[in-house]
Amino acid sequence: MSENTEAPRPVADWENREVRGDVIVTKSLYDHRAAKVAKLRQRQEAYEASLPKKKGAALREIADLMGGLVGDLDEEAYAVHATLELLGAMASGEVFTDGAVDTDVLYWLVSRAREGLADIERKTRRAKDIAAQFSPLHQPYKA
């Protein structure tokens, strides 16, 4: 049996950051975060299980998700593109030349662009997750 002769020392800040602050935190907060992590991991596992596992089904879903993004602009991509074009025209003075900008119009345009971009991101993420399963480096996710 060996004795540890090293004097007690505190955990360094970098060590605590390395584990996302879980060292220097109260037990109740740590337990709360651990429970939240467990719940999120279960949700992720259910999501991963929902992805198509057969190549044919996977390719069909990816094509459905990305169909509008490959050829003509789908509604979401069109909303983002049109909004950016209009905002660019507004910024350059091509629209509202008298300087009066309707903030309701701006808010609506930006809202449509945000919604469209969020949907594009969701579709792209799912397509990427589906395709990643077929990589030789992929390891199935288990919570």
Side-chain angles (χ1 to χ4, degrees), residues 2 4 6-143:
S2 66
N4 185 355
E6 185 178 322
R9 62 184 179 86
V11 171
D13 289 340
W14 69 267
E15 292 171 311
N16 191 43
R17 282 192 304 272
E18 196 173 59
V19 293
R20 309 279 195 256
D22 283 343
V23 175
I24 305 174
V25 69
T26 65
K27 178 160 176 29
S28 62
L29 184 57
Y30 176 81
D31 291 344
H32 175 75
R33 287 196 329 211
K36 187 174 182 179
V37 166
K39 186 176 180 180
L40 291 171
R41 289 179 60 81
Q42 288 175 348
R43 189 174 89 195
Q44 182 66 21
E45 185 175 37
Y47 168 76
E48 297 268 342
S50 78
L51 300 174
K53 304 297 183 239
K54 295 184 178 176
K55 288 183 181 180
L59 289 173
R60 277 190 298 281
E61 186 168 340
I62 289 172
D64 287 345
L65 289 167
M66 305 306 287
L69 300 178
V70 176
D72 294 333
L73 291 178
D74 61 3
E75 184 179 336
E76 298 86 4
Y78 180 78
V80 173
H81 181 75
T83 298
L84 291 174
E85 289 294 327
L86 287 169
L87 290 174
M90 291 170 135
S92 68
E94 296 173 31
V95 180
F96 302 120
T97 54
D98 61 355
V101 176
D102 186 339
T103 56
D104 289 339
V105 171
L106 285 176
Y107 181 78
W108 183 83
L109 288 170
V110 171
S111 295
R112 288 290 294 136
R114 284 180 179 158
E115 291 167 9
L117 188 55
D119 200 48
I120 290 167
E121 289 171 341
R122 180 191 58 77
K123 288 178 179 180
T124 304
R125 169 72 187 268
R126 183 158 177 95
K128 179 192 75 65
D129 291 344
I130 291 168
Q133 298 178 103
F134 300 99
S135 165
L137 301 176
H138 177 75
Q139 294 182 6
Y141 184 87
K142 295 289 180 197

With sequence neighbours left out, write down each residue that passes salt bridge (charged side-chain N to carboxylate O under 4.0 Å, His left out) with Asp22, or none if nothing qualifies.
Arg33
Nearest 0.5 angstrom please: [X] [atom1] to [Y] [atom2], how far?
| X | Y | atom1 | atom2 | result |
| --- | --- | --- | --- | --- |
| Thr26 | His32 | OG1 | NE2 | 10.5 Å |
| Thr124 | Leu65 | OG1 | CG | 8.5 Å |
| Thr83 | Glu115 | OG1 | CD | 10.0 Å |
| Met66 | Ile130 | CE | CD1 | 10.5 Å |

For [X] and [Y], work out which heavy atoms get closest and say how close.
| X | Y | value |
| --- | --- | --- |
| Lys55 | Phe134 | CG-CE2, 3.4 Å |
| Val11 | Val23 | CG2-CG1, 3.5 Å |
| Lys53 | Gln133 | NZ-OE1, 2.9 Å |
| Leu29 | Val25 | CD2-CG2, 3.1 Å |

Are Asp129 and Arg126 within salt-bridge range, i.e. N to O under 4.0 Å?
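The answer is no: the pair does not qualify as a salt bridge.
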Residues Arg60 and Asp64 bridged, charged N to O under 4.0 Å
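A salt bridge is absent here (no side-chain N lies under 4.0 Å from a carboxylate O).
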Taking only residues two or more places apart in sequence, or in another chain, which ones meet Leu117 in a side chain to side chain contact (heavy atoms under 4.5 Å, CB included)?
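Expected list: Val80, Glu121.
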Is there a donor-acceptor contact under 3.5 Å from the side chain of Glu15 to the main chain of Ala12?
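Such a contact is found between Glu15 side chain and Ala12 backbone.
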Residues, nucleotides or ligands: over 12 heavy atoms within 6.0 Å of Lys39 NZ:
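No.
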Pairs under 3.5 angstrom only: tabulate donor-acceptor contacts from the side chains of residues 135-143 to other protein residues two or more places apart or in another chain.
unit_1: Ser135; atom_1: OG; unit_2: Leu137; atom_2: N; d: 3.1
unit_1: Tyr141; atom_1: OH; unit_2: Arg41; atom_2: NH1; d: 3.4

